[in-house]
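Heads up: the structure comes next, in structure tokens.
Note that the coordinates shown come from a computational prediction; the quantities given were computed from them, not determined experimentally.
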Amino acid sequence: MRTSPIRDFLVGCFVLIGLGALAWLSLSVGGLSLGSSHGLVLYANFTQIAGLKPRAPVVIAGVKVGDVESITLGKQYAARVRMVVEPTLELPIDTSASIVTAGLLGDRYVELQPGGDAQLLRSGEEIGFTEPAMQLERLIGKFIHQTDVGGGSGEKGADEKGKE
């Protein structure tokens, strides 16, 4: 069998293109961004994030408009969430952010509720109104360890004493 330099060159190019496509696919699925993030950068401080992770979606009215870029511990031991949203978004300064769950036990994401103020948020500004995540474990714990409103210590309430 004879060797053909043109055929070997074309096969080599095809293999290189395939490896390049595989590398690009791996990076894009993995969420690695090359360079700085483009968009409107917003910050929000939460007392409880309960499993919110970087790359979680940021939504308005159920439509994804951005991602959580990073989460750090801020001043007064609150979680400081850095979000990058679409650069064309015009959010009022009284916009609120809350951490919600997709379904009963689903992933956490940030939901933005635009306000009605005429002044707009600029890149790098902080959302002032936040609502922390509700933790299912804490709600169940409060429900289980809830005490009776009437005292629950064997004493009869005023209505029961009057009936005797």
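Annotation: the span from Met83 atom CE to Tyr43 atom OH amounts to 10.0 Å, rounded to 0.5 Å. Taken to the nearest 0.5 Å, the CG atom of Leu27 stands 9.5 Å off from the CG atom of Leu22. Atom CG of Leu52 sits about 11.5 Å away from atom OH of Tyr109, to the nearest 0.5 Å.
Under a 3.5 Å cut-off, the side chain of Glu86 and the backbone N or O of Thr88 do not form any donor-acceptor pair. Put simply, the side chain of Arg108 gets close to the backbone of Ala50: a donor and an acceptor are under 3.5 Å apart.
Under the 4.5 Å side-chain heavy-atom criterion for ILVMFWY residues, no single connected hydrophobic cluster contains both Val110 and Val100. Residue Val58 is grouped with residue Ile93 when hydrophobic side chains (ILVMFWY) are merged at heavy-atom distances under 4.5 angstrom, including chains of intermediate members. Under the 4.5 Å side-chain contact rule for hydrophobic residues, Val41 and Val81 do not share a cluster.
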Please table the atom pairs, donor to acceptor, closer than 3.5 Å between any side-chain atom in residues 71-79 and protein atoms at least two apart or in another chain.
none

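No side-chain heavy atom of Val84 sits under 4.5 Å from any side-chain heavy atom of Asp67. Counting only heavy atoms from C-beta outward, the side chains of Glu111 and Glu131 never approach each other to under 4.5 Å.
Between Leu42 and Arg122, the shortest heavy-atom distance links the atoms CD2-O, 4.0 Å. Residues Leu89 and Leu40 share a closest heavy-atom pair of O-CD2, 3.9 Å. Contact record, Gly66 with Lys64: O-CE, 3.3 Å, taken as the closest heavy-atom pair. Here the closest non-hydrogen pair linking Pro132 and Phe46 is CA-CD2, 4.1 Å. A pairwise comparison of heavy atoms in Ile127 and Ala97 identifies CG2-N, 4.0 Å as the closest pair.
With sequence neighbours left out, Pro92 forms a side-chain contact (heavy atoms from CB on, under 4.5 Å) with Asp94, Thr95, Pro114, Asp117. Residues meeting the side-chain contact (heavy atoms from CB on, under 4.5 Å) test with Ser70, sequence neighbours left out: Arg82.
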request  = Show your reasoning for whether side-chain contact (heavy atoms from CB on, under 4.5 Å) applies to Leu91 and Ile60.
outcome  = CA-CA 10 Å; Leu91 293 171; Ile60 296 176; 3.7 Å; yes
